[in-house]
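This report refers to the structure that appears directly beneath it.
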Amino acid sequence: KRYQFDKGNASSIDQDYILSLSQTKNGFLWVGLAGRGVDIMDIKNEKFYHIPYWQQQQSENFKNNVIRDICPVNNGTLLLSTYGGFNILNSKNLNFKEIDTFTYRIDAPFQHFEHHPKTKSQQLSHSSIHSSVVDARGNYWIATYGGGLNWYNPMTKTFKSYMAYLYQGSDKSFDSIFDLFYDKELD
């Protein structure tokens, strides 16, 4: 079946330019849109919930409308990569609050991470995130545009950055990573 934007149907997908997809075990298809936030489809009822970033901003959740990647974790967690930071969402018990006929807000625990240049603490090396994967130990690997590769341990809540220019004397132009793949056989 084909789903596409229908201006006259509030339950249709919000736009046709899709950057990422991820299906969760609780029957939802998460659709990362280019410039319109996230659409979440209830697969059983074929209804889309539109979650624009500006509705989430009010509760300090994801802060960018370009959802580049959605990575599922076995425990119901979703990792959302945006051009405005990295987001961790528990998708097990989603509650949707209707804002108007077309838009909803998610009531679910979010964690948002972004780069703060003036802060010396452990953090993301860049806020423009392209992709993420989870390794066998449950650590998150995060690809940035300009900040290299980041590693995040959700148990200890610590970050570590790996950037080419620190090790090879190269300039930062080599520190853009566009996609990550995890090979379970090599772990």
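Each residue takes its place number in the sequence, starting with 1.
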Checking L29 against T24 for the side chain to side chain contact (heavy atoms under 4.5 Å, CB included) test, could you report, in this order, the C-alpha distance in whole Å, the side-chain angles of both residues, the deciding distance, and whether it holds? CA-CA 6 Å; L29 179 67; T24 58; over 6 Å; no
Does the side chain of [X] reach to within under 4.5 Å of the side chain of [Y], using non-hydrogen atoms?
{"X": "Y49", "Y": "V38", "answer": "no"}
{"X": "Y140", "Y": "T77", "answer": "yes"}
{"X": "H115", "Y": "Q123", "answer": "yes"}
{"X": "N65", "Y": "L33", "answer": "no"}

Using 0.5 Å steps for rounding, measure from the [atom1] atom of [X] to the [atom2] atom of [Y].
{"X": "K44", "Y": "N26", "atom1": "NZ", "atom2": "CG", "result": "13.0 Å"}
{"X": "Q15", "Y": "H50", "atom1": "CD", "atom2": "NE2", "result": "11.0 Å"}
{"X": "L80", "Y": "Q111", "atom1": "CG", "atom2": "CD", "result": "12.5 Å"}
{"X": "I70", "Y": "I40", "atom1": "CD1", "atom2": "CD1", "result": "8.5 Å"}
{"X": "W151", "Y": "I142", "atom1": "CH2", "atom2": "CD1", "result": "10.5 Å"}
{"X": "D135", "Y": "D183", "atom1": "CG", "atom2": "CG", "result": "12.5 Å"}

Checking one residue: V66. Which other hydrophobic residues are in its cluster under the side-chain 4.5 Å linking rule?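 For the cluster that includes V66, the remaining residues are Y17, L19, Y83.
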Taking all non-hydrogen atoms of both residues, which atom of [X] and which atom of [Y] are closest, and how far apart?
{"X": "S20", "Y": "I67", "answer": "OG-O, 3.3 Å"}
{"X": "D69", "Y": "H130", "answer": "CB-O, 3.4 Å"}
{"X": "L78", "Y": "S22", "answer": "CD2-OG, 4.1 Å"}
{"X": "S132", "Y": "L79", "answer": "OG-CB, 3.6 Å"}
{"X": "W141", "Y": "L180", "answer": "O-CD1, 3.3 Å"}
{"X": "F48", "Y": "V31", "answer": "CE2-CG2, 4.3 Å"}

Under a 3.5 Å distance rule, please check whether [X] uses its side chain to pair with a backbone N or O of [Y] as donor and acceptor.
{"X": "D6", "Y": "S12", "value": "no"}
{"X": "Q23", "Y": "W30", "value": "no"}
{"X": "D175", "Y": "G148", "value": "no"}
{"X": "N153", "Y": "K157", "value": "no"}

Are there more than 12 heavy atoms of other residues, nucleotides or ligands under 6.0 Å from atom CG of D179?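 Count over threshold, so yes.
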Out of curiosity, does Y145 fall in the hydrophobic cluster containing Y162 (side-chain heavy atoms, cut-off under 4.5 Å, transitive links)?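 No, because Y162 and Y145 fall into different hydrophobic clusters, even though each may have its own neighbours under 4.5 Å.
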Is there a path of hydrophobic side-chain contacts, each under 4.5 Å between heavy atoms of I/L/V/M/F/W/Y residues, joining I177 to V133?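 V133 and I177: one cluster.
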Step by step, work out the side chain to side chain contact (heavy atoms under 4.5 Å, CB included) result for S176 and T144. CA-CA 6 Å; S176 294; T144 72; over 6 Å; no
Let's go through F86 and Y152 carefully: what are the C-alpha distance in whole Å and the side-chain angles of both, what is the deciding distance for ring pair (Phe, Tyr, Trp, His ring centres under 6.0 Å) to 0.1 Å, and is it a yes or a no? CA-CA 11 Å; F86 181 68; Y152 178 73; 7.1 Å; no
I'd like to know if the side chain of H116 pairs up with that of E114 as donor and acceptor (distance under 3.5 Å, no hydrogens or angles considered).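 E114 and H116 do not have a side-chain donor-acceptor pair below 3.5 Å.
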As a test of understanding, state which of N150, L124, T82 forms a side-chain contact (heavy atoms from CB on, under 4.5 Å) with I129.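 Only one of N150, L124, T82 forms a side-chain contact (heavy atoms from CB on, under 4.5 Å) with I129, namely L124.
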Can a salt bridge be assigned to the pair D42 and K47 using a cut-off of 4.0 Å between side-chain N and carboxylate O?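 No, D42 and K47 are not salt-bridged.
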